[in-house]
Amino acid sequence: MPLHQQVTCNYEARRRGLHKLQLISEARKIVPDVVIVLGEELGRFRDASKLLYKFLASFSWNGKVERLGFDEVWMDVTDLVDYNRALLNPHDMTNSFFQLKQDDPTVGFFYNATGIAGHFFPDQPHPPILDLKDDLMTRLMLGSHLAQHIRVSLEQDQGYTSTVGISTNKILSKLVGNVFKPRDQTTLLPPYVSVNKASPTPSDKAERQSNISLFLDSHDIGKLPGIGFKMSQRVRDHILSRPAEFEIGLIYGGTKESVTVRDVRLFPGMGPELLEKILGGPGTERGIGAKAWNIINGIDDTEVQQARKVPSQISIEDSYIRLDTMPEVLKELRMLATSLLKRMHSDLLEDDDDPDSVGSKRWLAHPKTLRLSTRPRPPPNTDGTTTRSFNRISRSGPLPNFIFNLKDNTDATVEKLVQVALIPMFRRLHPQQSGWNLSLVNIAVTNLVETASDDGKGGGRDIGKMFRRQETILKEWKIEDRDVPPDPVLSVENNPGDVANGTSTMVGYEYPTVAEGNSLVVRSEDILPQTQNSVVSGSWDEDEDGDEDTEMCGVCKASMPVFAMAAHQRYHDLEG
DNA sequence: CGGGGAGAG
DNA sequence: CATTCTCTCCCCG
């Protein structure tokens with residue numbers, strides 16, 4: 001019964017013929033000496049991810065460095081490329097110098113600007129010859145050399161190999177990065193637009209089809225970023241004009257029911273309107289037809305996001321074979337809450353650089369909402385068949401302020417959180433005292449409100465600093481329920497034509513090997529010392545606690561002092 | 001804003 | 001077509 005699959009495997013395993021989501025029995029047959037690791041330890045990956053992200057971001061001028069998952073990053077390097085294009089000397093291209101810092105002409109690397117660095121698509125017998133009048137080609141050439149330099153630095157300085165794609169938007173750079181991997185890079189060559197065949201000049205005679213379509217056409221429709229399982233199935237159904245041929249036996253890779261981008265693009269009547277009919281409907285994204293049509297044509301004007309200081313949510317979850325009694329649930333809630341609190345400390349707490357409070361920590365952001373989600377396992381049907389509803393249900397509510405208090409020890413805070421918040425939420429989710437069986441429990445903090453940062457640029461010792469910080473923190477908590485206009489935002493208007501015209505350059509990165517055996521060991525940032533909070537936060541913690549003198553019992557609705565609640569809840573637990 | 005769906009690694 | 005554990009963006013009421 002317990003047919004166990006491995007979830008993922010590293011590149012070495014893949015080289016030897018294994019793949020994701022494979023049966024372990026099957027894997028052992030192919031690679032008898034395969035090492036199976038049970039469970040996962042995401043902490044080290046998270047640390048490595050942060051480190052490498054910072055390293056990559058250090059190359060950026062405009063801060064447009066966006067993470068996707070733990071191991072992929074987009075960089076919009078348009079500004080570096082533009083700057084260095086202006087530096088090119090047409091009379092000596094082979095000894096070009098790529099300047100990495102705007103304010104220091106000595107920092108950078110030498111490169112040969114007469115050609116593309118690394119691989120390119122389409123592969124051709126002779127490397128493309130650079131024409132400085134070809135704007136796009138020149139930019140992609142510069143991007144390819146920057147990518148090469150960053151990959152080499154990443155490997156030499158950090159000990160990580162990486163794979164890169166270079167093109168003009170996020171979709172294309174991500175997809176073209178898959179062409180040569182691992183430890184390689186690929187540039188999607190021009191032309192990116194089809195030449196008008198109505199009046200072909202002698203020079204653009206034969207071959208001038210857009211390399212974008214040439215590249216995308218062979219992809220399965222579901223491989224395009226933004227077109228996932230549900231959407232690709234709907235498109236497939238329509239193209240094949242029959243109900244979804246079940247993809248049983250199609251565990252991975254090659255599709256026999258393959259519908260490619262080309263099949264979709266050239267389907268009679270295909271366009272944004274038809275796609276809207278296929279994909280649209282209540283609950284679906286507005287304008288999904290146009291969006292999908294753009295993806296199919298490699299058009300993507302979404303910006304590479306600036307680095308965000310804090311995530312928009314932090315969640316911890318675990319899955320279970322069987323979880324159907326209250327004492328077990330309590331135990332798990334405590335475990336999860338402990339992990340969550342740790343994560344909040346490592347991700348949301350930073351050293352307070354205020355010279356008056358050395359060694360203390362301050363919150364980068366305050367989550368306002370706590371959410372509890374579960375995935376109930378549906379009871380077997382009367383006829384023995386299994387209905388699968390793998391979906392989650394959730395309840396959320398305000399996150400109690402005491403969790404920001406760093407003076408109490410973790411166990412006490414966790415216990416309080418479980419008793420006053422998580423158990424009541426659990427009762428809202430599962431009012432029945434028994435009969436449920438959970439396959440997953442997740443707790444999350446969301447609605448993160450960033451703490452106004454004073455980066456100290458106003459000068460070192462400022463007597464008003466502490467006071468002003470107190471002001472901003474208090475303001476943050478005062479506005480809770482009021483309709484206050486948002487802070488003014490400096491909106492920099494950029495030229496949307498840049499992306500559409502293919503004048504920006506994106507580099508998508510992937511560092512695939514967080515290898516255990518790497519020579520360079522990546523160490524985590526380690527445990528936070530149990531320090532006192534700063535004077536300011538300490539004081540408002542106390543104030544906020546005052547609001548919680550009484551609590552209402554989630555079960556019997558009785559109101560009572562908060563210190564009595566834990567015992568009261570245990571009473572219910574025993575009773576139920 | 002609460003709850004859920006879809007898609008990403 | 002999810003198995004795992006996250007995370008983001010989006011829609012509806």
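For the numbers below, each heavy atom of this structure counts, side chains included, while hydrogens, waters and symmetry mates do not. In what follows, chains are A, B, ... by sequence order, proteins preceding strands, each numbered from 1.
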Base, sugar-phosphate or nothing for [X]? Non-hydrogen atoms, less than 4.0 Å.
| X | value |
| --- | --- |
| A/G226 | sugar-phosphate |
| A/L279 | nothing |
| A/D318 | sugar-phosphate |

Exercise. Could you write nucleotides 8-13 of chain C as a row of B, S and -, 5' to 3', where a protein heavy atom under 4.0 Å of any base atom gives B, of only sugar-phosphate atoms gives S, and otherwise -?
Worked result: BSSSS-
Seminar exercise, completed: DNA chain C in dot-bracket form (Watson-Crick or G-U pairs under 3.5 Å, [ ] crossing, | inter-strand) is ....|||||||||
Problem set entry | Under 3.5 Å: donor-acceptor pair, side chain of A/N437, backbone of A/L323 | yes
Exercise. Can you list the residues that meet the side-chain contact (heavy atoms from CB on, under 4.5 Å) rule with A/L364, with sequence neighbours excluded?
Worked result: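 Result, side-chain contact (heavy atoms from CB on, under 4.5 Å) vs A/L364: A/K309, A/V310, A/E350.
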Seminar exercise, completed: Closest of B/dG2, C/dT6, B/dG9 to the A/E72 side chain is B/dG9
Problem set entry | Distance below 4.0 Å between A/S315 side-chain N/O and C/dT6 OP1 or OP2 |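 No, outside the criterion.
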Exercise. When you look at A/V418 and A/I423, which way does the side-chain contact (heavy atoms from CB on, under 4.5 Å) test go after all the steps?
Worked result: CA-CA 6 Å; A/V418 168; A/I423 290 177; 3.9 Å; yes
Problem set entry | Presence of salt bridge, A/E317 and A/R392, under 4.0 angstrom | yes
For this session: Could you give the distance separating B/dA6 and C/dC1 at their C1' atoms, to the nearest angstrom?
Result: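 The same atom, C1', in both gives a distance of 13 Å.
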